[in-house]
Amino acid sequence: MILLEVSDNALLGLMIMILVIIFGPPLLFLILGIVFRKKDAKRAKVFFILSGVYLLIAGGICGTLMNA
């Protein structure tokens, strides 16, 4: 049963990877929205909406998996 033991470092890496999946793309979409805000307001609005929707869905799904 030694194979089933998980060290603390592996769990920390897994938590960091999950947090990057949750917050990485919304942060990228937010930065793109800020960049496109002056040039094309419609495109910036789409990126802001994508950022919010991704954060809502990823936070719900990954948060549920982390609490299970």
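Under the 4.5 Å side-chain contact rule for hydrophobic residues, L55 and I21 share a cluster. Under a hydrophobic-cluster definition in which Ile, Leu, Val, Met, Phe, Trp and Tyr are linked whenever side-chain heavy atoms come within less than 4.5 Å, directly or via other members, V46 and L32 are assigned to the same cluster.
Listed by chain and number, the residues in a ring pair (Phe, Tyr, Trp, His ring centres under 6.0 Å) with F36 are F47 (sequence neighbours excluded). The side-chain contact (heavy atoms from CB on, under 4.5 Å) check on I34 picks up L30, R37, F48, with sequence neighbours excluded. For V53, the side-chain contact (heavy atoms from CB on, under 4.5 Å) criterion is met by I49, I57, not counting sequence neighbours.
Residue pairs meeting the salt bridge (charged side-chain N to carboxylate O under 4.0 Å, His left out) criterion with at least one partner in residues 40-55, sequence neighbours excluded, are D40-R43.
Remark: S51 OG to L28 CG distance equals 9.0 Å, nearest 0.5 Å.
Counting all heavy atoms, side chain and backbone alike, I22 lies closest to Y54 at O-CE2, 4.0 Å. Pairing each heavy atom of G33 with each of A44, the nearest pair is O-CB, 3.4 Å.
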